[in-house]
Every structure is written in C-alpha cells, then in structure tokens.
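What follows is one structure encoded as structure tokens, with my remarks underneath.
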Amino acid sequence: MAVKRISRGRGGITTLLAFVLFIGVLVFIFTPSSDPESVATRQRISDAAAANPLSPPTSAFRKSSDPNGRRSPPPVVHYQLNNLTSTPNPIANKERILILTPTTKFYQEYWDNILKFTYPHEHISLGFIIPKTTDGNKATTELQKAIAKTQSGPESDRFQSITIIRQDFEPPLTSQSEAERHKLENQKIRRTSMARARNSLLFTTLGPHTSWVLWLDSDIIETPPGLIQDLTSFDKPIIVPNCFQRFYNTDTNAEEVRPYDFNSWRDSDTAQELAAKMGPDEILLEGYSEMATYRTLMAHLGDTDSRRDQRKIMPLDGVGGTALMVKAEVHRDGAMFPPFPFYHLVETEGFAKMARRLGWESWGLPNYFVYHYNE
Amino acid sequence: MYRHSAYPNGYASNKRDDGEPFSQYLHRFQPRQTHLHQRNRILKLLGLGCVLTFFGLLILHPSTRNHLPLLGVASPAVKHFEIETLRYYDLETVQGTSRGWEREERVLLCTPLRDAEEHLRMFFNHLRNFTYPHHLIDLAFLVSDSKDNTEGLLTQLLEELQADPDPKQPYGEISVIHKDFGQKVNQDVESRHGFAAQASRRKLMAQARNWLMYSALRPTHSWVYWRDADVETAPVTLIEDLMRHDKDVIVPNVWRPLPDWLGGEQPYDLNSWQESETALALAETLDEDAVIVEGYAEYATWRPHLAYLRDPYGDPDMEMEIDGVGGVSILAKARVFRAGVHFPAFSFEKHAETEGFGKMAKRMGFSVVGLPHYTVWHLYEPSEQDLQHMQEMEAERNSRAQEEKEREERMKRIKEEFKDPNSQWEKDKAGIAEKTRQEEKAAAEKKAAAKKKVAAETKEAAEKTAAEEKAEQGEQAGQKIQSPDTASTSEESVKVKRPLGKKASSD
C-alpha cells in the first residue's frame with residue numbers, strides 16, 4: 001500500500017525515466033550489432049569459407065550441419081587463375097597473402113608481431129610446419145593456444161585460415177661441439193632438411209587463391225606492422241628485407257643492432273670459380289673461413305641511421321629465408337627450395353637460383369629491417 | 001442475497017453445538033485468495049528473471065542476438081555458418097602404402113586439358129570405371145588455351161558425375177583450374193611432335209603441370225596420379241595395380257593401336273627411358289638451356305626405352321629402373337611432390353617436363369620405375385604422313401574399283417558384239433540340212449524323171465545320166481568345203497575370250 005502511494009506520488013518522473021531507460025535498452029539491443037563493420041567482415045568471411053572441408057587450406061570451411069556428419073558429394077569448384085593478380089596494391093585488389101613459418105619453437109613475440117600486421121587479416125592465411133619431436137609438440141600446443149585465443153577474439157583480428165602441418169621426417173640432430181669440418185657437413189644436412197620442410201609446407205598450402213607468399217621465420221619477433229604492404233609495393237617477384245638482431249652491447253652499455261642473416265648476397269667471381277671446381281654434390285656456404293667467397297652480403301650494407309632511405313633496393317643472386325616475400329606465380333612455375341645441391345646451392349639460396357632459371361629476379365632491401373630473436 | 005455470519009439465535013454460524021465454547025480464534029487467520037496471490041508473485045518473479053536473463057544475455061553476448069528470428073528481421077539477413085579456420089594435418093599419415101584403398105589413402109588425379117572436347121566423354125567413361133574408391137580420389141583439371149567447348153562439356157560431365165544417384169560414383173574434391181599460358185604452338189599432331197618446337201613446348205607443358213599440381217595438392221593426399229585425357233584403353237584397376245608396387249614414381253608402358261597397314265600397334269611414349277653413357281656425354285656438350293628430347297634423329301642417345309622392351313606375353317609385374325618418365329600415366333607418392341620434385345619448366349640436367357621430373361626424383365633419391373609389360377593404349381591420331389598415305393590408299397582403292405567396273409563393262413560389250421555362234425550354226429546347219437534334203441529330193445525326183453525319160457527315150461539316156469552324176473558330185477564337194485569354214489569361226493571366238501579371262505585372274 002505504501003509503495004503504491006509513493007509511486008502514485010512521484011509517478012510521472014519515475015515512469016518516464018523507466019520508459020526512457022526501457023526504450024534505450026531496446027534500441028541498444030535491436031541495433032544489428034554494436035559494429036556494422038564487424039558484421040560485414042563476418043559476412044565476407046562466411047562467403048569466403050569453402051562449403052566442404054575438402055578445399056584449399058587457404059580458406060576457412062563450414063562445419064557440417066548434418067548431425068551425422070554426412071555430406072553431399074563435394075561441389076565442382078572453378079578457380080580462375082587468369083584473374084589472380086599480385087600487384088603493388090594488394091589491399092585494393094583483395095589479394096590473399098599466405099604467411100609460411102617453419103617452426104621448431106614457438107615465440108609469443110612472433111605471434112604478437114603478426115597480430116599487429118595492418119594488412120586485413122581476413123586476407124591472410126597462416127601455415128606452420130612443425131617436426132614431430134618433444135620440442136615440436138610443445139610448440140604445437142603453445143601455437144594452438146595462441147590460435148584459439150585469436151580466432152575467437154575480435155573479428156578484425158581473426159585470420160582467414162590457419163594450417164598446422166606436422167613434418168613427416170625427423171629433423172637432423174644439432175650438436176654444437178663438433179669440429180669445424182663436421183659443422184660444415186652438418187650445416188649442409190640441416191639446410192637440406194630445412195629445404196624439404198619448406199617445400200612440404202609450401203606445396204600443401206599454396207592452393208589456388210594465394211597471390212603472395214611471405215616466408216617468415218618463427219624467431220622473427222619484430223617487423224614494421226605494414227611489412228606486407230611495404231614489401232609488395234616494390235612489385236618485385238622475390239624481395240628480401242634485411243634481417244638484424246637487437247642485442248645489449250656490454251662494451252658500450254647500450255641497446256644496439258647487428259646483422260643476422262647472411263644468406264642474401266650478390267655473386268662474386270671468386271664464388272663462381274670455387275663452384276666450378278666443386279664436385280656435383282658439394283655446396284657453397286656463406287660464413288666459413290675455409291670457403292671465402294667474397295660475395296657482396298646485403299647484411300653488411302644495412303645503414304642503421306634512423307634517417308636512412310628505407311626504399312633503397314638492390315638486385316640479389318642468393319636470398320635468405322628469415323623474411324622473404326615471393327609472388328605466388330614464382331612458386332607455381334616450379335621455383336622451390338632445392339634439398340639437393342642445385343648449382344652448388346641449397347635451400348633459399350638455391351631457390352633464388354632456380355627462380356633465376358625460370359626467369360624471375362631477386363631483390364633486396366638493405367635498409368628495411370626486421371629483427372631476429374636474441375637467445 | 002442476505003448473508004450473516006450468525007444464526008438468528010445468536011450463535012456464530014460455524015458453531016456446531018452449544019457445548020462448543022465460543023472462540024473468535026477458532027480458525028487460523030487466512031486472508032482470502034492467499035494461495036493464488038503467492039503463486040502469482042512467484043510467476044511474476046520468474047518472468048522478470050527470465051526477461052532479465054534474456055536481455056542480459058543479449059547485452060553480454062551480442063552473438064546470441066543473431067539466433068533470434070525476431071531480431072533477424074531487424075538486422076540485415078546475414079547467413080551464418082559455423083566456420084572452422086584451423087586445419088591440422090600429420091604428414092606421417094599420408095606416406096602412401098601398397099594397399100592404399102584399404103587404408104583410405106587419398107589420391108589426387110591430375111589431368112591437363114587443352115582443346116580436348118572430343119576426348120572428354122571417353123575420359124569420363126574411364127573415370128566411371130575406376131575400381132579405386134571414388135570418394136578417395138580428388139580430381140583436378142587444368143583448362144588452358146582452349147578454343148573449343150572443353151570447359152562447358154567438362155563442367156556438365158562433372159556435375160552429372162557428382163549428382164550421380166549411385167553413391168559409389170561421386171568423387172572427392174573437384175577443382176577446375178583455368179589458366180592460359182599464351183601457347184602459340186598448335187596442338188595438331190604434326191606441330192606437336194615436330195623437333196624444333198619440342199623444347200619450348202615441353203617447358204610450357206611443364207609450367208602448366210606445375211600450376212595444376214600446386215593449386216590442387218593438399219596435405220591429405222598420399223598419392224598423385226597423372227593421366228592424359230587421350231588414353232583409349234586402360235585396365236580399370238590401373239591405380240591399384242601401380243600402387244601395389246609401392247614405388248615412389250611408377251609408369252606403365254604406353255603403346256597405341258594402328259591400322260593394319262601400319263603393323264597393328266606401335267610404341268607410343270618414348271619418354272620413359274634408362275640413362276645411357278652416350279646421352280650423358282651428349283648432355284655435356286650442350287649449352288645450359290638445351291633440352292634433349294627423345295625419339296628424334298637429331299639426338300641419338302642410344303637409351304633403352306621402356307616402350308621397345310614390351311613383350312605382349314611378358315610378366316606384367318616386371319619392373320625396370322628408369323630415369324626419364326613419360327607423362328601419359330604416372331603414379332607417384334605425394335611425398336615426392338612435397339619434397340619439391342616438380343616438372344622443370346627450365347632445362348634441368350638437359351631435360352624438361354616429365355623427363356626432367358624423373359631426373360629430379362632420381363636426384364633426390366626417390367625410386368623411379370617402369371613396367372615394360374603392363375600396357376596402356378593411347379588413342380591413335382593419324383599423323384599428316386599417315387593421312388597422306390591413307391589418301392593414297394583410298395585413291396588406289398577407288399581406281400581399282402573403277403578398273404573393275406570398266407572391265408566388267410567391256411566384257412559385257414564383247415559378249416554383246418560377239419554373239420554365241422552356236423545357235424546361228426545350228427540354224428545354219430538346220431538350213432543346210434534342209435537344203436540338202438530338198439536337193440536330194442529334187443535329185444531323186446530328177447532321177448526318177450530321168451528313169452522315166454530313160455524308159456521313154458532310151459537313146460539319150462546314157463549321155464544325160466553321166467552329166468547329172470557329175471553335177472551332183474560337184475555339189476557335195478562344195479558342202480564339204482563349207483562346214484570346216486563355220487567351225488573355224490567358232491574356234492576363233494573362244495580364242496578371243498581366253499586372254500581376257502587370264503588377265504582378270506592374274507589381277
């Protein structure tokens with residue numbers, strides 16, 4: 001009774017307030033979504049998804065709606081590769097990027113870094129190849145955790161699709177305490193095994209949609225967020241940024257950078273002569289004193305001045321794989337990472353040579369840096 | 001109606017009898033409709049709770065809003081599916097074994113097509129007949145630089161195949177790749193096999209094959225089977241038969257049927273061979289971009305070819321190590337392609353395309369094997385030379401028919417011109433006989449008349465009889481001369497006949 005009397009007393013204002021609040025809530029709820037852009041994104045992702053799990057790994061796919069998991073036969077899908085482009089303006093042309101990462105150890109910094117990429121994530125697919133070792137299993141678990149978090153997070157952060165491949169061969173054992181001669185031999189085995197892993201990853205995930213392939217090692221922990229746009233803007237079939245490493249210099253007591261990847265180089269006459277004298281199964285390697293090649297190494301050409309010209313470009317004969325942007329058509333023509341001595345070169349260096357044989361040139365950006373993890 | 005809580009005698013209405021003491025608290029206080037009231041309140045509370053939870057849910061989890069049909073109308077109609085973005089594959093499970101059909105191993109069937117409309121129906125008949133479980137086979141086609149209706153027919157046939165009511169017919173994933181490579185080389189047999197065009201043609205073919213495979217290869221594939229559309233006859237168990245050998249790369253022998261005048265059959269695919277010293281020495285002398293092609297006099301390599309080693313009665317399971325492979329029908333483990341082996345579109349150890357593929361597989365340590373006595377039959381397409389020869393044969397056949405016809409006509413004419421003289425002779429003989437008879441009669445009559453005359457004129461009789469007998473003798477001699485004449489004429493006509501008959505039989 002008392003309540004009634006009070007409400008009767010101040011009825012006007014309370015009812016009005018309640019009504020306004022109610023309407024407000026309704027409006028809030030009935031607004032399609034808090035963010036119309038996210039709906040559009042979701043719609044696009046939904047449209048891009050393949051109807052069947054038997055589809056290119058660069059697409060997400062729709063889960064079966066049939067409770068028995070039975071599906072009708074997969075549809076006939078046409079892929080117009082004549083219309084597939086790889087241009088200096090990939091965002092406007094909605095070009096798909098495939099980021100491939102051979103992984104042995106998972107670095108959270110790597111994941112955080114690719115999450116910061118400003119290229120629309122819905123056009124990015126990721127591929128990982130991980131060996132079936134104890135370390136590999138650990139890396140897989142950590143990676144899956146990171147993926148689960150991202151793919152259920154904000155729509156704009158989610159990647160189009162992610163493929164994890166477990167390697168079908170054992171990686172060679174790496175022992176540090178061997179004689180220099182053996183180290184060289186080990187290096188060859190390590191590089192050929194790496195090449196095989198790269199090929200396995202590339203040729204199972206490439207698919208018919210990919211326009212650009214970005215090779216990015218799992219220990220690359222810092223890149224400019226616009227890496228994809230920056231590298232594609234040069235419109236080169238193969239392009240490599242300079243890979244550096246941040247370290248704490250105990251002599252000067254300061255944070256400094258030093259070159260890390262020495263596999264990007266221009267050939268020298270000395271190296272050519274060395275190769276000419278070699279047996280068919282021997283390989284040329286960079287960074288060994290008994291095999292001085294006198295090649296021009298891009299790593300040494302990096303200018304650490306903050307006002308450097310980041311768009312400086314140079315032609316290369318061998319490329320490193322820590323960060324490497326390749327037009328997908330180069331790979332489709334057959335350029336792969338030779339797991340055998342190809343012109344006395346293996347892996348990424350051999351790749352540059354094979355691409356050259358197919359008519360594709362390699363380029364390097366000495367002043368555009370990406371940073372490698374420091375143990 | 002009048003109602004009172006007490007009787008007129010002053011007792012309370014619910015007082016049963018006088019002995020019962022009056023008590024105003026006899027009954028517990030029970031407000032009217034208490035029960036209903038409480039239930040109502042609980043319901044209201046429940047309802048409020050529900051509404052609050054509902055709105056709370058909508059606010060906290062915006063995604064649930066889309067499940068409401070009512071709200072679906074308010075928001076733009078967005079079709080939503082449960083989407084999976086993560087794929088996980090273990091390559092150790094897709095190594096490829098000798099009994100793939102039992103272990104449900106997936107096979108990728110790759111077929112490059114160019115202006116292949118006429119062969120498509122035949123190819124789909126082969127597809128329908130494959131005994132390898134169809135749902136384990138993914139089909140990938142490359143349609144490039146086609147000017148005919150290859151694309152339309154292919155789509156139609158594929159749609160029919162996937163919609164087949166027989167659950168054993170539809171295949172797995174089907175990809176049709178459209179990519180033109182600007183091929184200027186004509187596809188007719190002559191230019192396809194001409195020597196000068198080979199190197200660039202093979203490089204373009206290699207490029208096409210790589211584009212097809214790298215678009216269609218998936219982490220689920222254990223095997224890759226390359227098959228040309230123009231295979232005419234092949235065993236339906238071909239995939240299993242090749243798989244049983246458990247080799248990294250394996251090819252059957254490829255022959256083609258020929259018309260009888262060309263020998264009935266012929267080795268077709270000369271790209272499967274074993275390396276020879278001569279060829280290696282030859283390769284040394286060539287420049288970096290040169291491509292050695294088999295089957296041309298320009299490069300005499302003296303290599304043992306798989307095709308020439310075929311024995312129709314040989315053991316079909318016999319294996320032979322080879323270095324170059326032909327592309328008509330190749331079964332390879334997917335791990336070969338995953339390791340990086342492809343169809344070089346450049347000169348790899350002086351070879352390109354499928355031959356370079358064989359070389360590269362060998363270089364990476366994979367086993368490459370051919371089956372000399374297990375044969376697949378390629379379609380016979382007559383070459384320009386064959387066509388010319390066929391034309392000549394046709395012309396000869398025509399001229400012979402013409403000749404035959406002429407000969408018959410001549411025979412007819414001869415028969416008409418030289419009529420059979422026997423009937424005439426019979427007639428004549430009859431006529432002569434008649435005449436002779438008449439003459440004899442006349443002579444007899446004359447004799448009789450003469451006898452009468454003798455009888456009458458005995459004087460002149462001796463002279464007259466002598467003269468008449470003379471005349472009679474002369475007439476009979478004339479007849480004798482006439483009959484050998486007619487006989488010789490009939491004999492001549494036979495002589496004319498005989499040489500003609502001889503000629504016909506000699507033909």
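Protein chains get the first letters and strands the later ones, always in sequence-line order, with residue 1 at the start of each. Just so you know, these numbers come straight off a predicted model, no measurement behind them.
Taking the centre of each ring, A:His123 and A:Phe159 stay at or above the 6.0 Å mark.
Taking chain A as the reference chain and counting heavy-atom pairs below 4.5 Å, the highest number among B:His221, B:Lys203, B:Arg106, B:Arg209 is found for B:Arg106. Listed options A:His78, A:Met354, A:Gln80 were ranked by heavy-atom pairs under 4.5 angstrom with chain B; first place goes to A:His78. Top candidate by heavy-atom pairs under 4.5 Å with chain B, chosen from A:Ala60, A:Pro75, A:Ser200, A:Ser55, is A:Ser55. With chain A as partner, the option from B:Arg335, B:Met213, B:Glu288, B:Gln95 having the largest number of non-hydrogen pairs under 4.5 angstrom is B:Glu288. The greatest number of non-hydrogen atom pairs below 4.5 Å with chain B, out of A:Leu126, A:Ile147, A:Ile164, is found for A:Ile164. Of the listed residues (A:Ile162, A:Thr210, A:Leu358), the greatest number of heavy-atom pairs within a distance under 4.5 Å of chain B belongs to A:Ile162.
B:Val176 is listed as a side-chain neighbour of B:Val143, based on a closest heavy-atom distance under 4.5 Å. B:Leu154 has its side chain within reach of B:Leu113: a pair of non-hydrogen atoms, C-beta onward, lies under 4.5 Å apart.
Looking at A:Thr140, the atoms closer than 4.5 Å to chain B (heavy atoms on both sides) all sit in the side chain, from C-beta outward. Proximity to chain B (any heavy atom under 4.5 Å) is restricted, for A:Gln160, to the backbone atoms N, CA, C and O. For B:Thr93, no part lies under 4.5 angstrom from a heavy atom of chain A. Heavy atoms closer than 4.5 Å to chain B are found in the side chain of A:Gln151, but not in its backbone. Only the side chain of B:His342 comes within contact range of chain A, judged by heavy atoms closer than 4.5 Å. Heavy-atom distances place no part of A:His209 under 4.5 Å from chain B, backbone and side chain included. Proximity to chain A (any heavy atom under 4.5 Å) is shown, for B:Asp164, by neither the backbone nor the side chain.
Scanning all heavy atoms of the two residues, the minimum distance from A:Phe203 to A:His331 falls at CE2-O, 4.2 Å. Here the closest heavy-atom approach between residue A:Ser86 and residue A:Glu329 is recorded as OG-OE1, 2.8 Å. Here the shortest heavy-atom pairing between B:Phe357 and B:Ala332 reads CZ-CB, 4.4 Å. Contact between A:Trp360 and A:Pro237 at its shortest, heavy atoms only, is CE3-CB, 3.5 Å.
For A:Lys188 and A:Glu282, the salt-bridge test fails: no basic side-chain N is under 4.0 Å from an acidic carboxylate O. Between B:Lys362 and B:Glu275 there is no salt bridge, since no side-chain N of the basic residue sits under 4.0 Å from a carboxylate O of the acidic one.
The aromatic rings of B:Tyr171 and B:His134 sit parallel, their planes meeting at an angle under 30°, below the 60° perpendicular limit. Classification of the B:Phe343-B:Phe337 ring pair by plane angle, with boundaries at 30° and 60°, yields tilted.
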* To do: Quick one: do B:Thr85 and A:Ser161 satisfy side-chain hydrogen bond (donor to acceptor under 3.5 Å, both in side chains)? Show the steps, please.
  => CA-CA 4 Å; B:Thr85 56; A:Ser161 73; over 6 Å; no
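Using non-hydrogen atoms only and a strict 4.5 Å limit, the part of residues 333-346 of chain A facing chain B consists of A:Asp333, A:Gly334, A:Met336, A:Pro339, A:Phe340, A:Pro341, A:Phe342, A:Tyr343.
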